[in-house]
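Working notes, beginning with the structure itself.
No experiment lies behind these values; they were computed from the predicted model shown.
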Amino acid sequence: MVTTRRRDAGVIRSSSRIVQVGTFAPKEAVDYLRSRLAADEGGHDDGQLHALADTLGHFPLALSQAAAFLIDTGMPLTTYRELLEDQRQTLSDLLPATSPADEHGDTVATAWQLALDRAETLAPAGSARATLELLSMLAPDGVTEAVLHTTAARRWIVQAADDHSDTGRGPAQPGERAVLLSLRALHRLSLVTHDPSRTPASIEVHALVQRAARESVPEQVRPRLAVAAADAVEELWSSTAERAYEPETEAALYRSVEVLRRTTGGDLLWDGRLHPVLRRIGPYLTGLGRDAAARDVCQELLGLARPRLGDEHRDVLYLRCRVALAVGELGEAASTRISLEHIRREAERILGPRDPDTLTIRQHEARFRMEEGAVAAAMRDFTELADQAADRLGPDHALVIDARSHAALCRGLAGDAVGARDDCTALVEMLEQRHGPGHRLTLSVLADLGRWTGEAGDSHAAVDIYLRAVTQLESAVGRLHRDTLIARHNLAYWRGLAGERDLAVEEFTAAAEDAELALGADHPTTLTYRVNLSFWRGLAGEPATALAELAELQPAVDSVLGADHPRALRTRQQRAELLELSGDRGGAAALLTSLLPDVIRVQGSDHPRTREAAEALARCGEREAR
């Protein structure tokens with residue numbers, strides 16, 4: 001039996017039996033620590049041992065050295081973990097040669113170096129080390145191989161390899177071939193795991209190997225390395241954003257940005273501006289429905305930006321906008337619209353009215369004006385914005401498409417469902433031609449088309465459109481993505497209107513359960529789905545149960561969204577509709593009488609829901625008079 005770190009053709013052959021020995025399983029790691037530390041007088045509970053094992057990535061050599069260090073120093077385990085998580089500490093201090101591993105001559109700090117020295121002989125001079133340095137700044141649990149083939153990554157590998165090789169000529173084979181050779185050299189020595197069979201091809205690096213590689217980079221070079229890694233992630237992320245949605249790639253890129261933030265301490269990605277890749281965090285988290293996380297991260301970045309850039313810098317305005325948006329998505333529409341109006345005025349003064357950041361702030365301000373019920377004003381804002389942004393950014397820019405789709409939404413909300421349907425039809429046709437049927441922009445407008453097709457009177461066609469949208473969204477972004485959840489919810493709604501009420505309740509139930517799983521029980525989207533599930537349960541024959549559920553949900557809706565939010569008003573209206581359905585016309589009339597002034601005040605007298613409430617009140621009054 002021979003043990004080796006090598007994974008090359010000289011070892012992998014049909015005559016050999018290969019047994020891969022990786023890290024400990026979590027239970028094995030804890031069992032090892034418990035056994036090794038059994039004689040330590042301090043004593044450790046399983047929770048502490050699990051936490052230490054996780055921090056060290058279940059790496060046997062590191063666990064062995066850590067146990068020896070704890071025994072030798074008598075340091076409390078919690079203190080040791082805090083030091084391990086402090087990026088200012090080095091592995092050579094925390095896993096020193098003076099506390100050797102069990103029957104092993106190398107330390108974590110030296111073992112990886114021996115493997116890297118060998119890998120360097122298998123690739124163009126200096127390129128293996130340069131590649132590992134770049135990978136040390138990215139997500140350890142998997143990053144797409146494409147990040148190494150970006151211009152920014154190859155530039156770093158060529159320049160850093162030249163520094164490491166001391167030849168002054170750069171690597172012998174620069175470009176993509178040098179990248180692949182260096183990557184496979186690292187894989188052959190088990191410093192990384194490169195899996196080209198996955199889609200997309202991925203690279204994994206143990207976190208301790210990453211840390212050792214980072215610590216080997218001279219301090220004066222680390223800022224350049226951090227920027228190179230951030231540039232590579234931004235370059236790949238921006239290119240994927242222009243194609244069909246790739247959720248696995250975006251998730252890995254997001255994890256890499258979080259690693260960059262953690263390992264640089266937030267200090268190396270500021271050079272007179274917020275690095276562009278940090279701008280992607282807020283929209284990414286919001287797209288997943290993680291609005292509270294988006295708010296917290298953007299507030300943290302804002303705290304770093306203000307003293308570095310000043311209150312009038314565009315990145316400060318951008319971060320203020322993202323914080324306001326996250327607050328609005330969590331239910332505070334009125335205060336968010338006021339905040340965005342104030343930020344927009346500052347942006348117009350500082351950046352100019354046609355600057356892309358100013359246009360984006362205007363877009364969000366108009367959306368929250370619509371959320372408040374000022375539909376006609378919002379439609380004017382979106383239409384004007386779309387025309388101006390098209391001149392500045394091009395007719396098929398995402399901001400232009402979003403503004404036009406929201407203008408169509410406002411048209412429909414103002415009562416012109418046919419016009420909204422026709423606007424959405426034209427947008428879908430244009431987007432399918434330019435981006436294809438599976439592009440995220442196409443699918444977003446397709447879902448809007450389903451709604452307004454139904455509102456224009458063809459509920460069966462609406463079901464067909466939503467079935468198509470749900471199928472494509474599940475394939476493109478997954479079942480639990482917020483866009484998919486919205487389309488699934490709306491499919492259930494139009495099924496109900498098409499007469500398939502039992503199936504609608506089943507689909508509402510599944511969408512509400514998945515929304516709670518993905519977004520949380522108190523998220524506005526989850527609450528909306530639970531309200532509509534109860535309402536349709538009532539329409540399907542259980543009005544008493546539904547009324548009890550809606551009465552229980554109303555305080556939560558009012559608390560999260562605000563009592564004047566359209567969703568909160570709609571919940572009260574749905575309760576009135578079920579009261580009328582169950583025969584309690586007096587109760588329905590009383591509830592509608594108190595509701596109608598609020599609906600008129602918030603949404604206007606011409607809003608479809610306002611007209612519905614007025615008609616229901618008149619109907620209940622007539623029947624009571626009989």
Side-chain angles (χ1 to χ4, degrees), residues 270 272-274 276 278-283 285-286 291 294-394 397-407 409-411 413-414 561-562 564-566 601-604:
W270 301 82
R273 62 168 187 168
L274 177 76
L278 297 179
R279 279 187 169 222
R280 296 194 178 271
I281 299 175
L285 292 173
T286 297
D291 299 299
R295 176 199 60 203
D296 294 344
V297 171
C298 290
Q299 282 180 332
E300 179 184 339
L301 289 172
L302 182 59
L304 294 170
R306 274 185 155 139
R308 289 172 169 82
L309 306 177
D311 283 343
E312 295 196 344
H313 194 280
R314 71 167 58 248
D315 289 330
V316 172
L317 293 169
Y318 170 82
L319 290 169
R320 287 172 59 196
C321 175
R322 293 309 314 185
V323 171
L325 285 176
V327 170
E329 294 294 350
L330 290 169
E332 298 183 28
S335 64
T336 293
R337 200 268 307 157
I338 294 170
S339 296
L340 289 171
E341 181 180 358
H342 182 65
I343 298 167
R344 185 257 306 163
R345 287 175 176 169
E346 291 187 61
E348 287 177 338
R349 175 177 60 83
I350 297 166
L351 307 177
R354 302 299 176 91
D355 184 89
D357 280 341
T358 306
L359 295 172
T360 299
I361 296 167
R362 283 178 59 192
Q363 173 198 27
H364 295 307
E365 180 190 357
R367 182 163 67 86
F368 278 94
R369 179 170 287 112
M370 178 190 71
E371 290 284 346
E372 285 187 287
V375 175
M379 183 166 66
R380 290 192 297 271
D381 290 346
F382 281 124
T383 302
E384 180 181 322
L385 173 63
D387 293 340
Q388 293 177 358
D391 291 340
R392 178 73 168 79
L393 305 172
H397 190 278
L399 189 149
V400 177
I401 301 302
D402 186 79
R404 296 206 187 283
S405 65
H406 272 89
L409 173 60
C410 291
R411 185 184 301 280
L413 291 175
L561 299 177
D564 283 344
H565 190 277
R601 173 173 51 82
V602 173
Q603 298 182 159

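Between the OG1 atom in T358 and the CD atom in E348 there is a gap of 6.5 Å [rounded to 0.5 Å]. F368 CZ to L325 CG: the interatomic distance, rounded to the nearest 0.5 Å, is 5.5 Å. Rounded to the nearest 0.5 Å, atoms CG (D381) and NE2 (H406) are 12.5 Å apart. With rounding to the nearest 0.5 angstrom, the CG atom of L413 is 6.5 Å from the CE atom of M370. The CG atom of L351 lies 7.0 Å from the CD1 atom of I361; values are rounded to the nearest 0.5 Å. How far CD of Q363 is from SG of C321: 9.0 Å, rounded to the nearest 0.5 Å.
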Checklist entry - Would L319 and V323 count as a side chain to side chain contact (heavy atoms under 4.5 Å, CB included) if you check the C-alpha gap in whole Å, the side-chain angles of each, and the deciding distance to 0.1 Å? => result CA-CA 6 Å; L319 290 169; V323 171; 5.5 Å; no

Item to check | Step-by-step side chain to side chain contact (heavy atoms under 4.5 Å, CB included) determination, V327 to R295 | outcome: CA-CA 7 Å; V327 170; R295 176 199 60 203; 4.2 Å; yes

Item to check | side chain to side chain contact (heavy atoms under 4.5 Å, CB included) assessment of F382 paired with R367 | outcome: CA-CA 8 Å; F382 281 124; R367 182 163 67 86; 4.0 Å; yes

Checklist entry - Hey, mind stepping through D387 and R404 against salt bridge (charged side-chain N to carboxylate O under 4.0 Å, His left out) and telling me if it holds? => result CA-CA 9 Å; D387 293 340; R404 296 206 187 283; 3.3 Å; yes

Next on the checklist: Assess the residue pair R392 and L359 against the criterion (side chain to side chain contact (heavy atoms under 4.5 Å, CB included)); give the C-alpha distance rounded to whole Å, side-chain angles, the decisive distance to 0.1 Å, and a yes or no.
Outcome noted: CA-CA 10 Å; R392 178 73 168 79; L359 295 172; 4.3 Å; yes

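Residues H342 and I338 form no side-chain contact, since every pair of their non-hydrogen atoms from C-beta on lies 4.5 Å or further apart. Counting heavy atoms from C-beta outward, D355 and R314 have side chains that approach closer than 4.5 Å.
Counting only distance, with no hydrogens or angles, the side chain of H364 and the backbone of R322 share no donor-acceptor pair below 3.5 Å.
Checked against side chain to side chain contact (heavy atoms under 4.5 Å, CB included), H397 has the following partners two or more places apart in sequence or in another chain: L393, L399, V400. With sequence neighbours excluded, the residues that form a side chain to side chain contact (heavy atoms under 4.5 Å, CB included) with S339 are A324. D391 is linked by a side chain to side chain donor-acceptor pair (under 3.5 Å) to nothing, counting only residues two or more places apart in sequence or in another chain.
When every heavy atom of R362 is checked against every heavy atom of Q388, the shortest pair comes out as NH1-OE1, 2.6 Å. Residues G310 and V316 share a closest heavy-atom pair of O-CG2, 3.2 Å. Minimum interatomic distance between T383 and A407 (heavy atoms only, all atoms of both residues): OG1-CB, 3.8 Å. Shortest non-hydrogen contact noted between A347 and L317 is CA-CD1, 4.0 Å. Across all non-hydrogen atoms, the minimal contact from L309 to G272 is CD2-C, 3.5 Å. Residues C298 and G282 approach most closely at SG-CA, 3.9 Å, considering heavy atoms.
With D315 as the partner, the salt bridge (charged side-chain N to carboxylate O under 4.0 Å, His left out) test is satisfied by one option alone out of R279, R273, R306, R320: R279.
Residue-environment remark: CZ (R354) stays at or below the threshold of 12 foreign heavy atoms within 6.0 Å.
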